[in-house]
Every structure is written in C-alpha cells, then in structure tokens.
Amino acid sequence: MNLGFGEIMLIVFVALLLFGPKKLPELGKAAGKTLREFKNATKGLMDDDDVKSDKQAK
C-alpha cells in the first residue's frame, strides 16, 4: 500500500477538518508516545527471547 503525496495531503486535510488545528498536535503527540511505548515493549520481548535462547544453548 503505497501512499503518494496527493493521498497524504488528502488525509491531512480531512484530519484537519475533523479535529481542528488545535487538536492535531495533541493527537500527533499521543500517537508518537504510543508508538514509542510499543517499540520499547516489543524490543523488551525480543531481548527476553534472546536471553532464553542463550540459556537453552548452554
């Protein structure tokens, strides 16, 4: 699913209409924080799997 420049601009325009200019920065900040937490959680799971693999190899 490749999004071109036109599609991205349409999505931004619709979001601006729906949420308004004051709400968009708050939504972006919340989305970024959520993605950061998800990334950290999955990294923690991957690290746990690596530790289990190392213990089983010994």
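These numbers come from the heavy atoms of this one structure, side chains and all, not from hydrogens, waters or symmetry mates.
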Cluster check [X], [Y]: I/L/V/M/F/W/Y, side chain < 4.5 angstrom:
{"X": "L24", "Y": "V14", "value": "yes"}
{"X": "I11", "Y": "M9", "value": "no"}
{"X": "V12", "Y": "L3", "value": "yes"}
{"X": "L16", "Y": "L27", "value": "yes"}

Checking one residue: F38. Which other hydrophobic residues are in its cluster under the side-chain 4.5 Å linking rule?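 Under the 4.5 Å side-chain rule, F38 groups with nothing.
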At what distance, to the nearest 0.5 angstrom, does CZ of F13 lie from CG of L18? 10.0 Å
Could E26 and K23 be called an ion pair, given the rule that one side-chain N must be under 4.0 Å from one carboxylate O? yes
